[in-house]
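What follows is one structure encoded as structure tokens, with my remarks underneath.
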Amino acid sequence: MKRIIKQVFFGLVLMVALTGMKVKATSAPLKPEIEPELELESWMIDESFWYQLPGELTPATDDALEIEAWMTDDSYWQ
């Protein structure tokens, strides 16, 4: 008997909580989305940009990192 009362009480609390919420949709679910027109640039259609033989790959190189004065200055970081 106590179990049934608890379930009814829980159901009523849940129903009151759900009916108190006011939910509004901000957009129509079936509204079609319009994307901007694709703009082609010269590098996108340049075959030399996209086609390279495996032996022609150039390795990426970075300049040597140097510590500058502002990096170690305590007044800059405070």
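Residue indices begin at 1 and follow the sequence shown.
One hydrophobic cluster, built from ILVMFWY side chains closer than 4.5 Å, holds both Val8 and Met15. Hydrophobic clustering of Ile, Leu, Val, Met, Phe, Trp and Tyr side chains at less than 4.5 Å, counting indirect connections, unites Ile67 with Trp70. Cluster annotation: Leu38 and Met44 are assigned to the same hydrophobic cluster (Ile/Leu/Val/Met/Phe/Trp/Tyr, side-chain heavy-atom contacts under 4.5 Å, transitive).
The structure places CZ of Phe10 at 10.0 Å from CD of Gln7, a figure rounded to the nearest 0.5 Å. From Asp73, atom CG reaches atom CD of Gln78 across 9.0 Å, with rounding to the nearest 0.5 Å.
For Ile4, the CD1 atom sits in a loose shell: 12 or fewer heavy atoms of surrounding residues, nucleotides or ligands are nearer than 6.0 Å.
Taking the side chain to side chain donor-acceptor pair (under 3.5 Å) definition, one finds that Glu66 meets it with nothing, sequence neighbours left out.
For residues 33-42, the set of pairs meeting the side chain to side chain donor-acceptor pair (under 3.5 Å) definition, not counting sequence neighbours, comprises Glu41-Trp43.
Side chain of Trp77 to backbone of Thr72: no donor-acceptor contact under 3.5 angstrom is found.
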